[in-house]
Amino acid sequence: MASKQSVTIVKLKKMRQDGEPIAMVTAYDYPSARLAEQAGVDMLLVGDSLGNVVLGYDSTIPVTLEDMVYHSRSVARGAEHTFIVADMPFMTYHGSLDETLRGVRRLMQEGHAHAVKMEGGAEIADTVAAVVRAGVPVLGHIGLTPQSVNQLGGYRIQGKDARDARRLLEDAKALQEAGAFGIVLELVTEAVAAEITKALDIPTIGIGAGRGCSGQVLVFHDLVKYTDDYREKRFVKTFADIGDQIRTGISDYVKEVKSGAFPAEQHVFAAEEGVTQSLYGKTERKVGVTS
Ligand code: KIV
């Protein structure tokens, strides 16, 4: 598939310099990607949040490289003009560099992503640098890093005290130094995220990190309430309620199938006059009579 994205890392850098906010949203399949592209997002993230919102896991840890490649490819088919970043899933970039580059290669060649995202700070800077050297744009991700949820002890806000804030700032600088083109700041206190943004040349994309970031990212399913059991999250604003609309639509369909109201005259196809007679002889069968 040819890469026709109109947003590039050069454009993103310029947007950051000009103070133009960057709008990013996750997408996991062809229709969500198409809708997001039509709506004018700057970047799509094929996030491993896929595990939670699409595959029904309770964390991102079970998500595999195979899952990411499959979903990234569907997204790329739906959004030919948008910059697509795909997540490197759990433990696919902590072993040998060969293994990391194999994963990156699959996301780019088979998943048709334009860039990859990796969770972690200074400790993965060498890996980020190696991937960038291979010609692949890398988006960093610090703060709450869901792949390390068991080590972090839960989905906690990061950067609450001075020590934590310093660590985040150092991690952000190490990622910039390693060549990352941007950094996602997840669940970071607003003042700390703003300071990190000021200290960097590359854009920061916040999720639960306040108003001082260069852009924002939200999970598609949160943004439009595409779930049956939506839990309010302080950092999310829901802009639509499609879960409710889908449930209502399907329940109306079930009612009409049961009552016989669907399909109606306008949903059926007529055969030529006399067709049923030719099938069954002189006695024409009534529609709906099966024996
Ligand atoms: O996987 C994901 O959706 C993410 C966002 C929350 C930034 O990493």
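Index from 1, following the sequence. Note that ligands are numbered from 1 as they come in the structure, with each ligand's atoms numbered from 1 the same way. The basis for the numbers below is simple: all heavy atoms, side chains too, and nothing from hydrogens, waters or symmetry mates. Computed from a predicted structure; not experimentally measured.
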Distance filter under 4.0 Å to [X] heavy atoms, resulting ligand 1 atoms:
| X | answer |
| --- | --- |
| T26 | 3 (O) |
| E186 | 6 (C) |
| G47 | 1 (O), 2 (C), 3 (O) |
| H141 | 8 (O) |
| I207 | 6 (C) |

Any carboxylate oxygen within less than 4.0 angstrom of a Lys/Arg side-chain nitrogen, looking at R102 and E99?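 No.
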Less than 4.0 Å between a side-chain N and a carboxylate O, is that true for K225 and D244?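 Here D244 does not pair with K225 in a salt bridge, since their nearest N and O are not under 4.0 Å apart.
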Selected option - heavy-atom contact closest to atom 8 (O) of ligand 1, from E119, K117, M24: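 Of the listed residues, K117 has the closest heavy atom.
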Which is closest to atom 1 (O) of ligand 1 by heavy-atom distance: S49, G143, A27, G208?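 Looking at heavy atoms only, S49 sits closest to atom 1 (O) of ligand 1.
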Within the structure provided, determine whether [X] and [Y] are in side-chain contact (heavy-atom separation under 4.5 Å).
| X | Y | result |
| --- | --- | --- |
| R106 | L65 | yes |
| Q216 | I205 | no |
| L152 | T145 | yes |

Mode of L50 contact toward ligand 1 - side chain, backbone, both, neither (heavy atoms, under 4.0 Å):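 The answer is neither.
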Under 4.0 Å, heavy-atom basis, I'd like to know which part of D48 is in contact with ligand 1: side chain, backbone, both or neither.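 For D48, the contact with ligand 1 is made by both the backbone and the side chain.
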In this structure, is the centre-to-centre distance between the rings of F83 and F181 below 6.0 Å?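 Under 6.0 Å, so yes.
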Please step through salt bridge (charged side-chain N to carboxylate O under 4.0 Å, His left out) for the pair D164 and K160, ending with a clear verdict. CA-CA 7 Å; D164 206 24; K160 277 189 161 175; over 6 Å; no
Note the single closest protein heavy atom to atom 4 (C) of ligand 1, along with its residue, its atom name and the distance in Å.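 Of the protein heavy atoms, L45 CD2, 3.6 Å lies nearest.
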